[in-house]
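Contents: one structure, followed by commentary.
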Amino acid sequence: MERLRPAVAAGLTTLGENRVQELVAKAAVLPGVTWHLVGHLQANKARTALEMASVIEAVDSLALAQRLDRLLDDRPGSPRPVYLQVNVDRDPAKTGFAPEALAADLPRIADLPHLRLAGLMTVGRLVATPEAARPTFAALRRLAEGLRDGEARLGPGLSMGMTDDFEVAVEEGATVVRVGRAIFGERPPAVG
């Protein structure tokens with residue numbers, strides 16, 4: 001937390017958090033910050049996530065999208081921006097839509113009135129060099145382009161790339177990168 005205060009004081013107003021419980025704690029002491037939830041969202045934490053985060057970057061299933069939409073039904077305001085997480089590499093250790101499942105589910109998600117599809121998100125593979133991540137990022141960009149041909153309601157956002165590979169992600173079209181470690185250092189170990 002102490003690493004975030006100077007960044008916010010210097011004018012950084014958009015931050016991301018991986019875990020809902022940490023988002024709750026940080027949002028309580030950092031007023032004026034716009035929060036993106038970038039980590040896996042369990043359905044039982046969806047209500048809290050919507051209360052704390054302005055953008056959900058890890059919508060990884062049709063069921064989660066539908067739950068978020070239902071929870072937003074009684075809230076005034078514009079549709080909530082979300083990114084649909086795609087498991088481009090089909091890594092069994094990662095969550096996200098398989099590309100073909102997203103193609104099938106996208107029209108139903110786009111019809112949800114309380115969500116605005118800002119774009120797609122992926123978590124790249126752990127690789128030895130940033131260049132080795134390029135195929136993942138290029139595949140997400142191509143998938144997004146193809147999906148937008150059939151579904152204009154899918155926004156242009158591409159959330160991809162982290163501290164070790166964000167330059168390659170930007171070259172492949174990233175509009176959002178997650179570089180917390182580059183700015184704030186390693187995440188402290190979880191307690192408890």
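Note that the coordinates shown come from a computational prediction; the quantities given were computed from them, not determined experimentally.
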query: Are P113 and D69 close enough that some pair of their side-chain heavy atoms sits under 4.5 Å apart?
result: yes

message: Which heavy atom of A98 sits nearest to which heavy atom of R90, and what is that distance?
response: CB-NH1, 3.8 Å

task: Hey, could you give me the CG/CG distance between L84 and L106, rounded to the nearest 0.5 Å?
output: 6.5 Å

Heavy-atom closest pair, residues G16 and W35: O-CZ3, 4.2 Å

message: How close do A133 and D165 get, counting heavy atoms only, and between which atoms?
response: CB-OD2, 3.7 Å

message: Working note: V177 + M160, criterion side chain to side chain contact (heavy atoms under 4.5 Å, CB included); need CA distance, chi angles, decisive distance, verdict.
response: CA-CA 6 Å; V177 293; M160 57 187 190; over 6 Å; no

- request: Identify whether V38 and F166 are in the same connected component of the hydrophobic contact network (ILVMFWY, side-chain heavy atoms under 4.5 Å).
  value: no

- prompt: Can you check whether L41 reaches L68 side chain to side chain, under 4.5 Å on heavy atoms?
  reply: yes

- request: Report yes if some heavy atom in the side chain of L120 is under 4.5 Å from a heavy atom in the side chain of L102; otherwise report no.
  value: yes

query: Of D60, L147, L143, V123, which is the lone residue that meets side chain to side chain contact (heavy atoms under 4.5 Å, CB included) with V86?
result: L143

message: A65: which residues meet the side chain to side chain contact (heavy atoms under 4.5 Å, CB included) condition with it, sequence neighbours left out?
response: V59, I109, L112, L115

statement: For E57, the salt bridge (charged side-chain N to carboxylate O under 4.0 Å, His left out) test, sequence neighbours excluded, returns none

field: Side-chain ion pair, E17 and R178, N-O less than 4.0 Å
entry: no

message: Run the side chain to side chain contact (heavy atoms under 4.5 Å, CB included) test on V176 and L158 for me, step by step, so that the C-alpha distance in whole Å, both residues' side-chain angles and the decisive distance to 0.1 Å come before the verdict.
response: CA-CA 6 Å; V176 176; L158 290 175; over 6 Å; no

Student check: side-chain heavy atoms of H36 and T14 closer than 4.5 Å: yes

task: Would you name the heavy atoms of L154 and A144 that are closest together and state the gap between them?
output: CD2-O, 4.2 Å

message: Is there a side-chain contact between N18 and L37 in this structure, where contact means two heavy atoms from C-beta onward sitting under 4.5 Å apart?
response: no

message: If I take atom CG from residue L140 and atom CD from residue Q85, how far apart are they, to the nearest 0.5 angstrom?
response: 10.0 Å

statement: In short, M121 meets Y83 closest at the heavy-atom pair CB-CB, 4.0 Å

message: Would a single hydrophobic cluster contain both V29 and L12, if residues Ile, Leu, Val, Met, Phe, Trp and Tyr are joined by side-chain heavy-atom contacts under 4.5 Å?
response: yes

- request: Indicate yes or no: at least one non-hydrogen side-chain atom of F97 is less than 4.5 angstrom from one of N87.
  value: no

- prompt: So, R141 and E145, do they make that salt bridge, N to O below 4.0 Å?
  reply: yes

message: To check you understand the geometry: which heavy-atom pair defines the closest contact between G161 and A169, and what is its length?
response: CA-CB, 3.6 Å

Stepwise side chain to side chain contact (heavy atoms under 4.5 Å, CB included) test for K45 and H40: CA-CA 10 Å; K45 296 181 180 175; H40 175 66; over 6 Å; no

- prompt: Taking V33 as the fixed residue, which of L4, V8, T13 is the one that meets the side chain to side chain contact (heavy atoms under 4.5 Å, CB included) rule?
  reply: V8

- request: Determine whether R80 and L50 make a side-chain contact, defined as any pair of heavy atoms from C-beta on separated by less than 4.5 Å.
  value: yes

- request: For residues L62 and Q66, determine if any side-chain heavy atom of one lies less than 4.5 Å from a side-chain heavy atom of the other.
  value: yes

message: Considering only residues two or more places apart or on different chains, which pairs with a residue in residues 110-136 satisfy side chain to side chain donor-acceptor pair (under 3.5 Å)?
response: D73-H114, D89-R125, D89-T136, D111-R153, R125-T136, E131-R134, R134-E171, R134-E172

